[in-house]
Amino acid sequence: GGIITQTPKFLIGQEGQKLTLKCQQNFNHDTMYWYRQDSGKGLRLIYYSITENDLQKGDLSEGYDASREKKSSFSLTVTSAQKNEMAVFLCASSPGGGQNTLYFGAGTRLSVL
Amino acid sequence: GEQVEQRPPHLSVREGDSAVIICTYTDPNSYYFFWYKQEPGAGLQLLMKVFSSTEINEGQGFTVLLNKKDKQLSLNLTAAHPGDSAVYFCAVSGGSALGRLHFGAGTQLIVIP
């Protein structure tokens, strides 16, 4: 089996700060995703990537940048953290295609002071 | 686009009782359906993947029913135990090469010993 590793597990930032979240997978999956999880709102797709160097906007891409540096890694940048923002950011990967299961990392918990 | 509504948002049951979570989707072309379980501090783990052609799907201790006519997907835990306490998410996909999933908002299930 494989694993998805997200770093850091917890991230505390200041208002206006640029923050970067990292994700690594060893499944050798083509497609990787970043989701934001807010209480009571389910998961919302921020960015996804279907192959190395590819980048596609999701439903919530404003305020974020992403980078698929290589097949195994996908990073997300919060371009300017919002005061009192609290959310969990989940990275996932899949072999590709809507029929495929997504495998999730444990998440990065963001708090902005 | 696809809309997925999940209910209830919170559910408490006693150990040994059944628990039912229902998702309603809007796109009649949806073809793949997923239930994920999220334990505290962890990412989402696949519980079951259901294809449009199969209406009744049985897992260990639970049943997933798909009603295509009413565009409804349900998760029935037949005899809940404390280890079932978690947040459950349904997800729906149209099966395109894009691999986009649409998630419900989640149900927090608490099983009281």
Side-chain angles (χ1 to χ4, degrees), chain A residues 1-10 21 23-25 27 29-51 54-61 74 87-109, chain B residues 1-11 21-25 27 29-54 57 59 64 73 86-108:
Chain A
I3 190 167
I4 295 186
T5 304
Q6 289 188 238
T7 54
K9 285 189 171 26
F10 299 95
L21 293 67
C23 177
Q24 296 269 347
Q25 54 100 356
F27 287 100
H29 284 164
D30 288 320
T31 309
M32 295 185 75
Y33 308 80
W34 275 107
Y35 285 92
R36 176 179 165 128
Q37 182 179 15
D38 293 279
S39 178
K41 288 187 180 176
L43 276 67
R44 290 181 289 174
L45 183 64
I46 306 173
Y47 270 100
Y48 64 100
S49 166
I50 60 175
T51 189
D54 175 71
L55 209 55
Q56 308 283 342
K57 289 184 178 181
D59 302 319
L60 201 68
S61 60
F74 194 30
V88 176
F89 292 86
L90 292 170
C91 176
S93 73
S94 82
Q99 73 278 18
N100 287 290
T101 301
L102 267 62
Y103 295 83
F104 284 85
T108 292
R109 282 146 185 81
Chain B
E2 175 82 88
Q3 303 282 329
V4 180
E5 287 192 10
Q6 184 173 342
R7 64 178 195 276
H10 303 278
L11 181 58
I21 303 170
I22 295 174
C23 284
T24 305
Y25 59 95
D27 186 350
N29 295 319
S30 296
Y31 195 81
Y32 298 99
F33 306 86
F34 303 81
W35 282 103
Y36 284 90
K37 177 181 180 181
Q38 184 181 34
E39 293 179 344
L44 279 67
Q45 286 190 307
L46 180 71
L47 205 57
M48 181 169 276
K49 179 167 76 175
V50 175
F51 297 98
S52 177
S53 56
T54 312
N57 302 266
V64 171
L73 178 74
V87 180
Y88 291 82
F89 291 93
C90 64
V92 178
S93 167
S96 73
L98 204 56
R100 290 277 304 262
L101 286 190
H102 299 271
F103 284 87
T107 295
Q108 170 83 62

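All values reported here derive from a predicted model rather than from experimental measurement. Excluded from the calculations below are hydrogen atoms, water molecules and symmetry mates; all remaining heavy atoms, backbone and side chain alike, are included. Numbered from 1 within each chain, the chains take letters A, B, ... in sequence-line order.
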A.B. asks: Could you give the distance from CG (Leu46(B)) to OH (Tyr103(A)), rounded to the nearest 0.5 Å?
C.D. replies: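 Answer for the CG-OH pair, Leu46(B) versus Tyr103(A), is 7.0 Å.
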A.B. asks: Side chains of Gln38(B) and Leu90(A): does their closest heavy-atom pair fall under 4.5 Å?
C.D. replies: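 Gln38(B) vs Leu90(A): side chains touch.
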A.B. asks: So which of Gly106(B), Pro9(B), Ala91(B), Ala42(B) has the largest heavy-atom pair count under 4.5 angstrom toward chain A?
C.D. replies: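 Winner by heavy-atom pair count: Ala42(B).
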A.B. asks: Answer yes or no: are there more than 12 heavy-atom neighbours, outside Glu5(B) itself, under 6.0 Å from its atom CD?
C.D. replies: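 No, CD of Glu5(B) has 12 or fewer neighbouring heavy atoms, counting only those of other groups under 6.0 Å.
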A.B. asks: Could you report the tightest heavy-atom contact between Leu102(A) and Tyr36(B), atom names first, then the distance?
C.D. replies: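 Closest heavy-atom pair between Leu102(A) and Tyr36(B): N-OH, 3.0 Å.
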A.B. asks: Under a 4.5 Å heavy-atom cut-off, does chain B meet the side chain of Arg44(A), its backbone, both or neither?
C.D. replies: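 Arg44(A) has no heavy atom closer than 4.5 Å to chain B.
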A.B. asks: With side chains defined as the heavy atoms from C-beta onward, is the minimum distance between Leu44(B) and Tyr35(A) less than 4.5 Å?
C.D. replies: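 No, their side chains stay 4.5 Å or more apart.
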A.B. asks: Which region of Gln6(A), side chain (C-beta onward) or backbone (N, CA, C, O), has a non-hydrogen atom less than 4.5 Å from a non-hydrogen atom of chain B, or is it both or neither?
C.D. replies: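 For Gln6(A), no heavy atom lies under 4.5 Å from chain B.
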